[in-house]
Every structure is written in structure tokens, then in C-alpha cells.
Amino acid sequence: MSTSDHSAAASFSVSVTDVELEADDLDPGQIVSGEPVVTGKVLWESADGKQVRGIWQITPGVVTDVEANELFVVVSGRATVEVEGGETLEVGPGSACVLREGDRTTWTVHETLRKAYHISY
């Protein structure tokens, strides 16, 4: 996924629903069922690479992940996010969600989900 042309010093606005997304790699070992496809667009990344802001989308299916510190807001779609040893989160349009670094999750994507996110490493 490439970074957009937005400078770290410039303020900007984008339409999350209209941004053209690019193919993103999904490790086949993360796929539990279905044929989910991931796309995204990095809108901004700090010079040290420790913070990233962007848009991410996944089509229906079930995948596992190990999370970074992340805040995201769902723009469209629905998913159930099971946090190992923790909560089961039902997310849909307008949901704000916080995931902690190291959380092991299983995402069951019911409808293609698009989110705007901020990740801190």
C-alpha cells in the first residue's frame, strides 16, 4: 500500500467513502474461511514510521490478526471482532473501536467493511 502525497506538515481532508484503495497483502495463513480481499490507502505516516493514518477495507470472510495500538471508525460494512481472552466487538457504520498492541483477534466480516484508522507502533 502506498502513501498518498499528503505532507506531514499539511492539513487535508478526504472523502473516506470515495478514496480509491489499492491492493494490500493478506497472509494466506491469516484466512480462516472465505476469500477475503484487503485494500487500503495510507494517507499519512510519521517520519519515524511509528504513526500511520489511513483507510482500510476487507471483503467478507474470516481472518485472524495480531493488532497494533489502533483507533478506527467504521464507515461502512459490518464485522464481529473477537479479542482472544477479551470482548467480542460488533462493529458497523459509526462504530469507534480501540484495539491494543498484541491483541489476537478473529475478524468475521459479514459485509465489506471500510474503516478510517490511526495506528501507533
Side-chain angles (χ1 to χ4, degrees):
M1 185 174 0
S2 67
T3 303
S4 73
D5 296 330
H6 302 296
S7 162
S11 297
F12 65 91
S13 173
V14 298
S15 171
V16 176
T17 57
D18 296 332
V19 169
E20 188 171 327
L21 305 180
E22 302 165 0
D24 199 0
D25 292 330
L26 180 60
D27 179 346
Q30 291 180 264
I31 299 172
V32 175
S33 68
E35 297 179 10
V37 174
V38 172
T39 54
K41 182 75 171 178
V42 172
L43 299 175
W44 177 86
E45 184 170 354
S46 63
D48 62 5
K50 292 186 177 183
Q51 294 186 61
V52 181
R53 298 174 186 155
I55 301 167
W56 183 84
Q57 181 170 288
I58 185 169
T59 62
V62 180
V63 299
T64 60
D65 200 8
V66 177
E67 304 296 339
N69 285 319
E70 179 178 5
L71 164 66
F72 68 84
V73 176
V74 176
V75 177
S76 60
R78 286 185 325 102
T80 302
V81 183
E82 297 175 59
V83 180
E84 187 178 290
E87 299 291 322
T88 296
L89 313 171
E90 297 292 338
V91 299
S95 296
C97 185
V98 174
L99 298 172
R100 297 170 302 161
E101 183 175 6
D103 279 347
R104 295 183 179 280
T105 57
T106 300
W107 290 67
T108 301
V109 181
H110 310 291
E111 299 169 4
T112 298
L113 182 132
R114 184 177 282 219
K115 66 181 184 176
Y117 67 84
H118 175 94
I119 294 175
S120 298
Y121 295 102

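What you see is a predicted model, and the numbers here were worked out from it, not measured in a lab.
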Donor-acceptor pair, side chain of [X] and main chain of [Y], under 3.5 angstrom:
| X | Y | value |
| --- | --- | --- |
| Q57 | L113 | no |
| S95 | V74 | no |
| D103 | T105 | no |
| T106 | E82 | no |

Are [X] and [Y] side-chain neighbours, meaning at least one heavy-atom pair lies under 4.5 Å?
| X | Y | value |
| --- | --- | --- |
| T80 | H110 | yes |
| L43 | Y117 | no |
| V109 | T59 | no |
| I55 | V75 | no |
| S76 | T112 | no |

Connected via hydrophobic side-chain network under 4.5 Å: [X] and [Y]:
| X | Y | answer |
| --- | --- | --- |
| V19 | V16 | yes |
| V38 | L99 | yes |
| V73 | V91 | no |
| F72 | V83 | yes |

*Could you please spell out the steps behind the side chain to side chain contact (heavy atoms under 4.5 Å, CB included) verdict for E101 and Y121?*
CA-CA 8 Å; E101 183 175 6; Y121 295 102; over 6 Å; no
Taking all heavy atoms of [X] and all of [Y], pick out the closest pair and write down the distance.
| X | Y | answer |
| --- | --- | --- |
| P93 | G77 | CD-O, 3.2 Å |
| T64 | G29 | OG1-O, 4.4 Å |
| S46 | D48 | OG-OD1, 2.6 Å |

Working to the nearest 0.5 angstrom, can you tell me the gap between [X] [atom1] and [Y] [atom2]?
| X | Y | atom1 | atom2 | result |
| --- | --- | --- | --- | --- |
| L26 | I58 | CG | CD1 | 6.0 Å |
| E70 | R100 | CD | CZ | 13.5 Å |
| E45 | I119 | CD | CD1 | 10.0 Å |

*Output, in order, the C-alpha distance, side-chain angles, deciding distance and verdict of side chain to side chain contact (heavy atoms under 4.5 Å, CB included) for C97 and V81.*
CA-CA 10 Å; C97 185; V81 183; 5.9 Å; no
*asked:* Apply side chain to side chain contact (heavy atoms under 4.5 Å, CB included) to residues E90 and T88 and explain how you reach the verdict.
replied: CA-CA 7 Å; E90 297 292 338; T88 296; 4.2 Å; yes
*Around D25, counting heavy atoms of other residues, nucleotides and ligands shown, do more than 12 lie under 6.0 Å from its CG?*
no
_Apply side chain to side chain contact (heavy atoms under 4.5 Å, CB included) to residues E22 and K41 and explain how you reach the verdict._
CA-CA 6 Å; E22 302 165 0; K41 182 75 171 178; 3.1 Å; yes
